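Every value quoted in this text rests on a predicted model; they were computed, and no experiment measured them.
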Amino acid sequence: MSDTHGKFIWVELMTPDTDAAGRFYSHVVGWQLKDFGSPDMAYTIFEANGKGMGGMMELTDAFKSQGIPPNWTAYVAVDDVDASARQFAEKGGSVMRQPEDIPEIGRFAVVVDPFGAVLCIMTPLPMDTGEFPVDTQSLQGHVGWYELFTDNVDEAMAFYGAVFGWTKDHDFDMGEMGPYRIFAHNGKAVGGIMKRMPQIPVCHWGYYFNVDGIDDAITRVSTGGGKVVNGPMEVPGESWIVNCQDPQGAFFSLVSQKK
């Protein structure tokens, strides 16, 4: 298993109105928009401080007919996307979209864990630099935290440990809600796993974008046409978080070191 196997490398927004969504996230998070420049598919790159951190594509009628709502999804790097897709299926998950190549980018698949949470996995083609960019988890505009809502924390941790090599860092006791399990990739804590609450309809992954000041960000969410669904709330590590929904219906979260 290489050092990059199991590393989050990208997030992607599927939305019915890419123009409006682009304006919203530029306003809220401060991203710059860049056209990917593909003649085959319209795709927008979100850049933070000149570094690509994610992308956006249209949620077409064909996707909608499959029951796919506006959503954010992450890509996790794997050494062999075909082998990892088979692992997902063999260990109780499933493959929603079979492995296929994206010219000049890599090979990817859309997979589902045993409790229904969706992710993309990818074996990227070698980059010009020959290596992944430096860690961006603490940088403004990048993803600062990855969070899984699941029906069984222990079983989900065991599953992802088997397919991605993630390890348990430590637990926070949340009382009746059970543990909030911090997981690590190569010894660095990158996200948390918690039991899905009854009001949350499906198990899913959520993504926290770094911003400078949670109160000002909340104002930008509101003035941009989005809404806050939970928070602001202080969390361990002296951070503040807020869970939101964009104007097109996709859920996202924000995190800041200051209120």
Side-chain angles (χ1 to χ4, degrees), residues 1-11 53-54 72-78 84 87-88 91-93 111-121 132 134-197 199-200 202-211 214 229-244 251-259:
M1 212 179 270
S2 73
D3 287 346
T4 54
H5 183 88
K7 177 182 176 66
F8 284 99
I9 57 171
W10 195 251
V11 286
M53 57 72 58
W72 281 96
T73 304
Y75 284 73
V76 177
V78 293
S84 291
Q87 265 194 304
F88 262 76
K91 294 182 178 298
V111 291
V112 186
D113 75 15
F115 301 100
V118 178
L119 276 175
C120 295
I121 54 176
F132 283 99
V134 296
D135 177 54
T136 57
Q137 193 173 353
S138 62
L139 298 180
Q140 291 297 314
H142 290 263
V143 182
W145 198 247
Y146 300 86
E147 190 169 73
L148 173 64
F149 289 92
T150 186
D151 287 338
N152 190 305
V153 172
D154 289 335
E155 289 183 18
M157 183 75 252
F159 174 83
Y160 283 106
V163 297
F164 292 151
W166 294 345
T167 55
K168 174 183 172 180
D169 192 82
H170 65 282
D171 283 350
F172 282 111
D173 182 4
M174 298 197 299
E176 291 182 359
M177 294 172 65
Y180 186 88
R181 179 152 303 161
I182 309 297
F183 66 90
H185 172 257
N186 290 343
K188 177 179 173 55
V190 294
I193 303 174
M194 66 180 292
K195 186 169 175 59
R196 178 175 64 92
M197 294 170 283
Q199 64 268 36
I200 297 175
V202 295
C203 298
H204 69 279
W205 281 94
Y207 309 101
Y208 287 77
F209 306 124
N210 294 324
V211 291
I214 207 71
V229 295
N230 183 46
M233 178 170 60
E234 191 170 12
V235 295
E238 299 181 348
S239 296
W240 289 85
I241 63 169
V242 64
N243 307 119
C244 309
F251 288 94
F252 68 100
S253 298
L254 303 172
V255 57
S256 174
Q257 293 301 306
K258 63 183 183 181
K259 195 166 191 294

Output the distance between atom [atom1] ([X]) and atom [atom2] ([Y]), rounded to the nearest 0.5 Å.
X      : Y      : atom1 : atom2 : answer
Arg181 : Asp171 : CZ    : CG    : 4.0 Å
Leu119 : Leu148 : CG    : CG    : 8.0 Å
Asn230 : Met197 : CG    : CE    : 7.0 Å
Gln140 : Met53  : CD    : CE    : 12.0 Å
Phe115 : Thr150 : CZ    : OG1   : 4.5 Å
Trp72  : Ser253 : CH2   : OG    : 11.5 Å

Decide side-chain contact (heavy atoms from CB on, under 4.5 Å) for Val78 and Phe164; before the verdict, give the C-alpha distance in whole Å, the side-chain angles of both, and the deciding distance to 0.1 Å.
CA-CA 7 Å; Val78 293; Phe164 292 151; 3.7 Å; yes

For [X] versus [Y], what's the shortest heavy-atom pair and its separation?
X      : Y      : value
Tyr180 : Glu147 : OH-OE2, 2.5 Å
Glu155 : Asn152 : N-OD1, 2.9 Å
Thr167 : Met157 : C-CE, 3.9 Å
Val143 : Asn210 : C-ND2, 4.2 Å
Val211 : Leu254 : CG1-CD2, 4.0 Å
Pro114 : Lys91  : CG-O, 3.8 Å

So do [Y] and [X] actually touch side chain to side chain, heavy atoms under 4.5 Å?
X      : Y      : answer
Phe251 : His204 : no
Val190 : Trp166 : no
Phe149 : Met194 : yes

Whether the side chain of [X] engages the backbone of [Y] through a donor-acceptor N/O pair (distance < 3.5 Å, no angle test) should be reported.
X      : Y      : answer
Tyr146 : Phe8   : no
His5   : Val163 : yes
Ser256 : Trp240 : no
Lys168 : Phe183 : no
Asn243 : Val229 : no

Of the options Trp145, Tyr75, Tyr160, which is the one that meets Trp205 in a ring pair (Phe, Tyr, Trp, His ring centres under 6.0 Å)?
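Among the candidates, only Tyr160 passes.
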
Kindly check if the number of other-residue, nucleotide or ligand heavy atoms within 6.0 Å of CD (Glu176) is above 12?
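Atom CD in Glu176 is not crowded, with 12 or fewer foreign heavy atoms closer than 6.0 Å.
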
